[in-house]
Engineer: 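Before we start, here is the structure in question, set down as structure tokens.
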Amino acid sequence: YLFVYGVRSTPLERTSRFFRQDWPAAVRGLWRETLVSALLFALGAVVAYLLIRSDADWYYAFIPEQMAGGRDPSATTADLRETLYGGDGKDGLSMFAAFLFTHNAGIAILAFALGFALCLPTVFLLVYNGASLGAFLALFASRNLGFEASGWLIIHGVTEIFACILAGAAGFRIGWSVIFPGDRARLEAAAEA
């Protein structure tokens, strides 16, 4: 029975096929949704950046106090620089990076999972997460630390932001199928998407 009906590939072969073929094909299949997701994220970042550069009080509209961790307009330039370079052996930067990782993972999961609600929560989460990034960059740029902050964010942000954008794209695919199910039932269309 196992010889006739069993799995024809090893777990290593299946995993390799997933990363070489299946996942890239799935991402290519979501190119429109990925583009929309990236544009919404970028829109949030640009709007927040411009608002905060014109009036620093906007910062608090985008960054909750618990997320700021002392990185706010009231911090001195030296304090902001220290958060980037982790002076005096402090571990604050790695704690902030861990917080951002869990925060972004939560955003990605929610952007995907809530897509069924007509895409609206996914739109909100992508724009808000982009706005948080724009606010953070605007703060550091206002102290001539924008280049340094961008470099720090690139280290981990590329994968995390891309994950948020892809999860948002998948949420859009599901939400769009609920809005426009075609000749199928909405639940069936969502399950297929």
Side-chain angles (χ1 to χ4, degrees), residues 11 14-49 59-69 71 83 91-137 139 149-150 152-181 184-193:
R14 181 67 192 117
T15 302
S16 174
R17 181 172 169 231
F18 172 78
F19 285 108
R20 284 185 295 106
Q21 296 173 351
D22 298 346
W23 190 65
V27 171
R28 280 191 305 273
L30 290 173
W31 74 269
R32 289 176 190 89
E33 293 89 345
T34 303
L35 181 62
V36 169
S37 188
L39 289 173
L40 287 169
F41 188 91
L43 175 70
V46 169
V47 167
Y49 184 90
Y59 185 81
Y60 301 104
F62 300 109
I63 304 290
E65 188 175 331
Q66 70 271 19
M67 189 173 165
R71 294 167 191 85
T83 64
D91 207 23
L93 191 58
S94 61
M95 287 175 45
F96 184 60
F99 172 79
L100 282 178
F101 177 79
T102 53
H103 171 77
N104 288 336
I107 293 290
I109 290 168
L110 287 172
F112 167 70
L114 296 175
F116 76 92
L118 310 180
C119 303
L120 295 176
T122 302
V123 169
F124 172 76
L125 286 166
L126 289 168
V127 171
Y128 180 75
N129 209 34
S132 297
L133 176 67
F136 182 79
L137 289 174
L139 172 66
S150 297
W152 183 83
L153 284 169
I154 285 173
I155 293 169
H156 74 280
V158 170
T159 54
E160 291 175 33
I161 291 169
F162 186 57
C164 289
I165 289 170
L166 278 181
F172 284 138
R173 172 67 60 96
I174 293 169
W176 198 250
S177 71
V178 170
I179 296 169
F180 300 105
R184 300 164 295 180
R186 291 189 194 288
L187 191 56
E188 183 183 322
E192 186 178 316

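Heavy atoms only: backbone and side chains are in, while hydrogens, waters and symmetry mates are out.
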Engineer: Show which side-chain atoms of residues 157-166 pair as donor or acceptor with protein atoms under 3.5 Å away, not counting sequence neighbours.
Structural biologist:
residue: T159; atom: OG1; partner: H156; partner atom: O; Å: 3.2
residue: E160; atom: OE1; partner: N104; partner atom: ND2; Å: 2.7

Engineer: Do F41 and L133 have side-chain heavy atoms sitting under 4.5 Å apart?
Structural biologist: yes
Engineer: Could you list the donor-acceptor pairs under 3.5 angstrom formed by side chains in residues 22-30, with sequence neighbours left out?
Structural biologist:
residue: D22; atom: OD2; partner: R14; partner atom: NH1; Å: 2.7
residue: D22; atom: OD2; partner: R14; partner atom: NH2; Å: 3.0

Engineer: Please answer whether the main-chain N or O of A111 pairs with a side-chain N or O of T122 as donor and acceptor at a distance below 3.5 Å.
Structural biologist: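 Yes: the side chain of T122 pairs with the backbone of A111.
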Engineer: How many angstroms lie between atom CD1 of I107 and atom CZ of F124, to the nearest 0.5 angstrom?
Structural biologist: 8.0 Å
Engineer: So L137 and L153, do their side chains get closer than 4.5 Å, heavy atoms only?
Structural biologist: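 A side-chain contact under 4.5 Å exists here.
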Engineer: Could you tell me which residues satisfy side-chain hydrogen bond (donor to acceptor under 3.5 Å, both in side chains) with S16, sequence neighbours excluded, listed by chain and number?
Structural biologist: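 Here the qualifying residues are R20.
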Engineer: Could you report the tightest heavy-atom contact between C119 and W176, atom names first, then the distance?
Structural biologist: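 It is SG-N, 3.6 Å.
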Engineer: Quick check on Y59: does its OH atom have over 12 non-hydrogen neighbours (other residues, nucleotides or ligands) under 6.0 Å away?
Structural biologist: yes
Engineer: Which pair of non-hydrogen atoms, one from F62 and one from S132, has the smallest distance, and what is that distance?
Structural biologist: O-OG, 3.5 Å
Engineer: Distance check, rounded to the nearest 0.5 Å: L40 atom CG versus N129 atom CG?
Structural biologist: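 The CG atom of L40 sits 12.0 Å away from the CG atom of N129.
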Engineer: Any side-chain heavy atom of F172 within less than 4.5 Å of one from L126?
Structural biologist: yes
Engineer: Mind checking side-chain contact (heavy atoms from CB on, under 4.5 Å) for L43 and listing every partner two or more places apart, or none if nothing turns up?
Structural biologist: V47
Engineer: Provide the full list of side-chain hydrogen bond (donor to acceptor under 3.5 Å, both in side chains) pairs with a residue in residues 31-40, sequence neighbours left out, each pair given once.
Structural biologist: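 Counting only pairs at least two positions apart or across chains, the side-chain hydrogen bond (donor to acceptor under 3.5 Å, both in side chains) contacts touching residues 31-40 are E33-R173.
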Engineer: Taking all atoms of both residues into account, what is the closest heavy-atom pair of S177 and A193, and its distance?
Structural biologist: OG-CB, 3.5 Å
Engineer: Of the non-hydrogen atoms in A167 and A108, which two are nearest, and what is the gap between them?
Structural biologist: CB-O, 3.1 Å
Engineer: Under 4.5 Å between any side-chain heavy atoms of I179 and R186, yes or no?
Structural biologist: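 Contact flag for I179/R186 side chains = no.
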Engineer: Got a sec: does the CZ of F101 have more than 12 other heavy atoms crowding it under 6.0 Å?
Structural biologist: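 At most 12 heavy atoms, drawn from other residues, nucleotides or ligands, come within 6.0 Å of this atom.
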Engineer: State which residues pass side-chain contact (heavy atoms from CB on, under 4.5 Å) with A45; sequence neighbours excluded, sorted by chain then number.
Structural biologist: none
Engineer: Does CG in L120 sit with more than 12 non-hydrogen atoms of other residues, nucleotides or ligands closer than 6.0 Å?
Structural biologist: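 Yes, enclosed.
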